[in-house]
Engineer: 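I am attaching a structure below and will ask some questions about it afterwards.
Sequential numbering from 1 along the given sequence is applied to the chain's residues.
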Amino acid sequence: MKMSGRRRIWLAGAAIVAAVFLGYANSFNGPFVFDDEPSILENATIRRLWPLSGPLSPPRDFGVTVSGRPVLNLSLALNYAISGTAPWSYHVFNVGVHALAALVLFGVVRRTLRKPMLMERWGERAEATAAVIAMWWALHPLQKESVTYVIQRAESLMGLFFLLTLYGFIRATDSVRPGGWLAVMIVSAVLGMGCKEVMATVPLVVFLYDRTFVAGSFRAAGRERGWWHGALVASWLPLGLLVWSAGGNRGGTFVLTWAGCRDYWLTQFGAVTHYLRLTVWPEPLVFDYGTFWVRTAGAVAVPAV
């Protein structure tokens, strides 16, 4: 008997969640390390959940991971209300976020494969293909730090909201009444901005997705859904306010000055190239590469190409 599409979706989702929790089951007792200490153990703003103005006003101290990231700080306050400084609930939360992100990725890939331009080739295999991709992504060794290192939920939470923004857009384009999914898209974008600054790229990714899989051209994407994309671009405003509230300083990684922006962007060519290689062959994995800046044209040119 042939399995129904809905049953295949539920089965794939259950398999993804089970794989994530089994893969990270041995991380639940991991201690707080490195940046966990100032962001959790020494963070007075997470000691109470209410009023929300407390956890939504993270400390601005130099180099604290939660600075300018109120959604991240609120998530820590929720964990503190559950287990205090015992790390188990923080780890369960991290794994849960990662599992949810994998499920959303499954939905993004599945619905993309069922778009008209891909339906004929991939439609019958959409669920299976999306499940394999989502599970592979979820269990890839590069994900380990953002899941097992508690404060790096900044990355995983941002990733969840990034994928939810894209998923909300996809569902809106498939819906006769897109209002609810547009709300999901916009709210997810704003929440992601409160987790990590790299969320700034989501309006660009959604626009590129629209051009590639929905509209067929940049002009059509702007003409047919211009205000949708405008609403996403508007999410840069709260992000700018959050960066300003933290003094434009991310400690050892980024400073909002001309020299800081220049050094940061020049370094990204080598960094992105390095991580692209690690996605194919994840060895060796290094916990912290330290702080270094690219200073010569030669060090930029090769990875830039």
Engineer: Under the side chain to side chain contact (heavy atoms under 4.5 Å, CB included) criterion, do R121 and L118 qualify, and how do the steps go?
Structural biologist: CA-CA 6 Å; R121 181 175 181 182; L118 299 174; over 6 Å; no
Engineer: Grouping I, L, V, M, F, W and Y whenever their side-chain heavy atoms are under 4.5 Å apart, do L166 and W227 come out in a common cluster?
Structural biologist: yes
Engineer: Taking the side chain as every heavy atom from C-beta outward, state whether S67 and P58 have any atom pair closer than 4.5 Å.
Structural biologist: no
Engineer: Applying a strict under-4.5 Å side-chain criterion to I, L, V, M, F, W and Y, I'd like to know whether L241 and V198 cluster together.
Structural biologist: no
Engineer: Do R225 and V214 make a side-chain contact, defined as non-hydrogen atoms from C-beta onward lying under 4.5 Å apart?
Structural biologist: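 A side-chain contact exists here, since the closest heavy-atom pair is under 4.5 Å.
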Engineer: In terms of heavy-atom contacts, does CZ of R277 have more than 12 from other residues, nucleotides or ligands at under 6.0 Å?
Structural biologist: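 Yes - once you tally the heavy atoms of other residues, nucleotides and ligands closer than 6.0 Å, there are more than 12.
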Engineer: Quick check: is I186 connected to L239 through a chain of hydrophobic side chains (ILVMFWY, heavy atoms under 4.5 Å apart)?
Structural biologist: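 Yes, L239 connects to I186 through the hydrophobic network.
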Engineer: To the closest 0.5 Å, what do you measure between CD (E224) and OG (S217)?
Structural biologist: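 Output value for this atom pair is 7.5 Å.
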Engineer: If a pair satisfies side chain to side chain donor-acceptor pair (under 3.5 Å) and one of its residues is in residues 138-150, list it, with sequence neighbours excluded.
Structural biologist: none
Engineer: Report the residues that fulfil ring-ring contact (aromatic ring centres under 6.0 Å, His included) with F162, sequence neighbours left out, ordered by chain and then residue number.
Structural biologist: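 Testing F162 for ring-ring contact (aromatic ring centres under 6.0 Å, His included), a comparison that skips the adjacent residues, returns none.
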Engineer: When rounded to the nearest 0.5 angstrom, what is the spacing between CG in L163 and OG in S188?
Structural biologist: 10.0 Å
Engineer: Between R60 (side chain) and S245 (backbone), is there a donor-acceptor pair under 3.5 Å?
Structural biologist: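 Yes.
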Engineer: Flag the pair R111 / D174 as yes when at least one side-chain heavy-atom distance between them is below 4.5 Å, and no otherwise.
Structural biologist: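 Yes. Closest side-chain heavy atoms under 4.5 Å.
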Engineer: Cation-pi between R7 and W10: NZ/CZ under 6.0 Å from ring centre and within 45° of the ring axis?
Structural biologist: no
Engineer: Report the distance from atom NE2 of H91 to atom OG of S83, rounding to the nearest 0.5 Å.
Structural biologist: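 Answer for the NE2-OG pair, H91 versus S83, is 9.5 Å.
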Engineer: Just wondering, do T85 and I40 contact through their side chains at under 4.5 Å, heavy atoms?
Structural biologist: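 Answer no - side chains too far apart.
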Engineer: Are any non-hydrogen side-chain atoms of V17 and L100 less than 4.5 angstrom apart?
Structural biologist: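 Side chain of V17 against side chain of L100, heavy atoms only: no contact under 4.5 Å found.
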Engineer: To the closest 0.5 Å, what do you measure between CG (L74) and CG (N79)?
Structural biologist: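 Taking CG in L74 and CG in N79, the distance rounds to 10.0 Å.
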Engineer: Could you walk me through whether D36 and Y90 pass the side chain to side chain contact (heavy atoms under 4.5 Å, CB included) check?
Structural biologist: CA-CA 11 Å; D36 290 339; Y90 299 81; over 6 Å; no
Engineer: What are the two closest heavy atoms between I133 and V109, and how far apart are they?
Structural biologist: CD1-CG1, 3.8 Å
Engineer: Treating R110 as the side-chain partner and A126 as the backbone partner, does any N or O pair qualify as donor plus acceptor under 3.5 Å?
Structural biologist: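 No, R110 side chain to A126 backbone: no donor-acceptor pair under 3.5 Å.
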Engineer: Go through the steps for F218 and L208 under the test side chain to side chain contact (heavy atoms under 4.5 Å, CB included), then give the verdict.
Structural biologist: CA-CA 8 Å; F218 290 117; L208 289 172; 3.7 Å; yes
Engineer: Grouping I, L, V, M, F, W and Y whenever their side-chain heavy atoms are under 4.5 Å apart, do F213 and L113 come out in a common cluster?
Structural biologist: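 Shared cluster, yes.
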Engineer: S57 and T45: which non-hydrogen atoms are nearest, and at how many Å?
Structural biologist: O-CG2, 3.4 Å
Engineer: If a pair satisfies side chain to side chain donor-acceptor pair (under 3.5 Å) and one of its residues is in residues 12-25, list it, with sequence neighbours excluded.
Structural biologist: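 Applying side chain to side chain donor-acceptor pair (under 3.5 Å) to every pair that reaches into residues 12-25, excluding sequence neighbours, yields nothing.
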Engineer: Are any of the side-chain heavy atoms of L191 and M199 separated by less than 4.5 Å?
Structural biologist: no
Engineer: Check P55 against R48 and note the closest heavy-atom contact, atom names and distance.
Structural biologist: CD-O, 3.5 Å
Engineer: State, to 0.1 Å, how close V184 and L164 come at their nearest heavy-atom pair, and which atoms those are.
Structural biologist: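 Heavy atoms of V184 and L164 come nearest at CG1-O, 4.2 Å.
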Engineer: Restricting to ring-ring contact (aromatic ring centres under 6.0 Å, His included), what partner residues turn up for Y80, sequence neighbours left out?
Structural biologist: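 If we apply the ring-ring contact (aromatic ring centres under 6.0 Å, His included) test to Y80, skipping adjacent residues, there are no hits.
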Engineer: Find out whether N73 and N43 are in side-chain contact, i.e. whether some heavy atom of one side chain is under 4.5 Å from a heavy atom of the other.
Structural biologist: yes
Engineer: Donor-acceptor pair, S235 side chain versus L232 backbone, under 3.5 Å?
Structural biologist: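 Between the backbone of L232 and the side chain of S235 there is a qualifying donor-acceptor contact (under 3.5 Å).
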Engineer: Holding to ring-ring contact (aromatic ring centres under 6.0 Å, His included), I want the full list of residues that pass it with F34, two or more places apart in sequence or in another chain.
Structural biologist: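 If we apply the ring-ring contact (aromatic ring centres under 6.0 Å, His included) test to F34, skipping adjacent residues, the hits are F287.
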Engineer: Under the ring-ring contact (aromatic ring centres under 6.0 Å, His included) rule, collect the residues that match up with H274, sequence neighbours excluded.
Structural biologist: Y289
Engineer: How far apart are the closest heavy atoms of T212 and M117, and which atoms are they?
Structural biologist: O-CE, 3.1 Å
Engineer: I'd like to know if V272 and W137 are part of one continuous hydrophobic network [Ile/Leu/Val/Met/Phe/Trp/Tyr, side-chain heavy atoms within less than 4.5 Å].
Structural biologist: no
Engineer: Are F161 and V202 close enough, and set up right, to give a side chain to side chain contact (heavy atoms under 4.5 Å, CB included), and what steps lead you there?
Structural biologist: CA-CA 10 Å; F161 289 125; V202 78; over 6 Å; no
Engineer: With side chains defined as the heavy atoms from C-beta onward, is the minimum distance between L242 and W244 less than 4.5 Å?
Structural biologist: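 No; the side chains remain at least 4.5 Å from each other.
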Engineer: Can you tell me how far CG of N94 sits from CG of L157, rounded to the nearest 0.5 angstrom?
Structural biologist: 7.5 Å
Engineer: For the atom pair CZ (R153) and NZ (K196), what is the distance rounded to the nearest 0.5 Å?
Structural biologist: 14.0 Å
Engineer: Tell me whether the rings of W181 and Y167 are parallel (<30°), tilted (30 to 60°) or perpendicular (>60°).
Structural biologist: perpendicular
Engineer: For the residue pair P141 and P282, what are the closest heavy atoms and their distance?
Structural biologist: CG-CG, 3.9 Å
